[in-house]
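Data first, discussion second: the structure below is written as structure tokens.
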Amino acid sequence: VQLQASGGGLVQAGGSLRLSCAASGSIFSIKLMAWYRQAPGKQREWVASITSGGSTNYADSVKGRFTISRDNAKNTVYLQMNSLKPEDTAAYYCNAVPPQYNWGQGTQVTVSS
């Protein structure tokens with residue numbers, strides 16, 4: 001399975017973005033999918049995850065602002081990001097939990113203050 005993240009961009013603080021992660025193959029059998037992010041000079045961190053049944057979990061730093069969802073029929077995972085903060089600036093990636101696929105290039109999110 002190849003994963004391609006898209007939807008990033010430059011947004012002002014308080015704004016919103018919706019990220020998409022399209023898989024080249026079926027994600028139906030992937031029990032746990034997640035979004036991760038990596039800011040410059042920092043380690044990649046987990047942001048949010050979703051089970052094949054739709055149960056979600058979030059990092060404390062994004063809880064209440066981000067929403068993860070998945071469409072198994074479209075082999076796509078989404079991340080709706082609201083009330084964005086400058087500290088959300090990072091390259092965002094999707095992968096399984098634990099990560100088992102190539103990370104790809106991710107999609108850059110830049111939040112200006």
Side-chain angles (χ1 to χ4, degrees):
V1 173
Q2 300 291 326
L3 301 169
Q4 180 63 55
S6 62
L10 174 63
V11 63
Q12 288 189 331
S16 299
L17 285 172
R18 189 193 193 206
L19 306 184
S20 298
C21 173
S24 61
S26 174
I27 64 169
F28 181 77
S29 62
I30 303 174
K31 191 171 184 178
L32 196 57
M33 289 292 297
W35 283 95
Y36 302 81
R37 66 186 181 186
Q38 185 169 20
K42 295 188 177 181
Q43 288 192 337
R44 186 173 286 141
E45 63 175 358
W46 167 80
V47 173
S49 55
I50 185 167
T51 69
S52 55
S55 296
T56 58
N57 201 9
Y58 299 92
D60 287 344
S61 58
V62 306
K63 199 171 293 183
R65 300 187 298 120
F66 290 11
T67 302
I68 187 172
S69 60
R70 67 191 283 173
D71 186 333
N72 290 331
K74 294 184 178 179
N75 297 319
T76 303
V77 181
Y78 303 97
L79 186 68
Q80 178 67 43
M81 305 187 297
N82 299 328
S83 302
L84 282 161
K85 303 176 180 180
E87 51 263 43
D88 294 318
T89 294
Y92 284 71
Y93 305 84
C94 64
N95 213 312
V97 180
Q100 56 184 285
Y101 303 106
N102 289 334
W103 287 101
Q105 295 188 348
T107 187
Q108 179 66 38
V109 172
T110 303
V111 185
S112 63
S113 57

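Heavy atoms only: backbone and side chains are in, while hydrogens, waters and symmetry mates are out.
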Rounded to the nearest 0.5 Å, what's the gap from [atom1] on [X] to [atom2] on [Y]? Could you check?
X	Y	atom1	atom2	answer
Gln80	Ile68	CD	CD1	12.5 Å
Ser113	Glu87	OG	CD	10.0 Å
Ser26	Asn72	OG	CG	7.0 Å

Determine, step by step, whether Arg65 and Asp88 satisfy the side chain to side chain contact (heavy atoms under 4.5 Å, CB included) criterion, reporting the C-alpha distance in whole Å, the side-chain angles of both residues, the deciding distance to 0.1 Å, and the verdict.
-> CA-CA 11 Å; Arg65 300 187 298 120; Asp88 294 318; 2.7 Å; yes
Could you check whether atom [atom1] of [X] has more than 12 heavy atoms from other residues, nucleotides or ligands sitting under 6.0 Å from it?
X	atom1	value
Glu45	CD	yes
Gln4	CD	no
Gln12	CD	no
Lys42	NZ	no

Between Asp71 (side chain) and Ala73 (backbone), is there a donor-acceptor pair under 3.5 Å?
->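 Answer holds: yes.
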Does any N or O in the side chain of Arg70 come within less than 3.5 Å of the main-chain N or O of Thr51, such that one atom is a donor and the other an acceptor?
-> yes
Work out which heavy atom in [X] is nearest to a heavy atom in [Y]; give both atom names and the distance.
X	Y	answer
Ile30	Ser52	O-CB, 4.1 Å
Val97	Ala34	CG2-CB, 3.3 Å
Ser83	Ser16	N-OG, 4.4 Å
Cys94	Leu3	O-CD1, 3.5 Å
Leu32	Ser49	CD1-CB, 4.1 Å
Tyr58	Ala48	CD2-CB, 3.5 Å

Does Thr89 reach the side chain of Gln108, with side-chain heavy atoms less than 4.5 Å apart?
->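 Thr89 reaches Gln108 side chain to side chain.
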Indicate, with yes or no, if Trp46 and Tyr101 share a hydrophobic cluster defined by side-chain heavy-atom contacts under 4.5 Å among Ile, Leu, Val, Met, Phe, Trp and Tyr.
-> no
Same hydrophobic cluster for Phe66 and Tyr93, using side-chain heavy-atom links shorter than 4.5 Å among ILVMFWY?
->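 No; tracing contacts between hydrophobic side chains, which count when under 4.5 Å, never links both residues.
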Assert yes or no for the condition that the ring centre distance of Tyr36 to Trp103 is strictly below 6.0 Å.
-> yes
Starting from the C-alpha separation in whole Å, work towards a yes-or-no answer on side chain to side chain contact (heavy atoms under 4.5 Å, CB included) for Val109 and Leu19.
-> CA-CA 9 Å; Val109 172; Leu19 306 184; 4.1 Å; yes
Check salt bridge (charged side-chain N to carboxylate O under 4.0 Å, His left out) between Arg18 and all other residues, then give those that pass, not counting sequence neighbours.
-> none
Does the side chain to side chain contact (heavy atoms under 4.5 Å, CB included) test come out yes or no for Thr76 and Tyr78, once each step is laid out?
-> CA-CA 7 Å; Thr76 303; Tyr78 303 97; 3.5 Å; yes
Kindly determine whether Arg37 and Val62 satisfy side chain to side chain contact (heavy atoms under 4.5 Å, CB included), including the steps that lead there.
-> CA-CA 12 Å; Arg37 66 186 181 186; Val62 306; 3.9 Å; yes
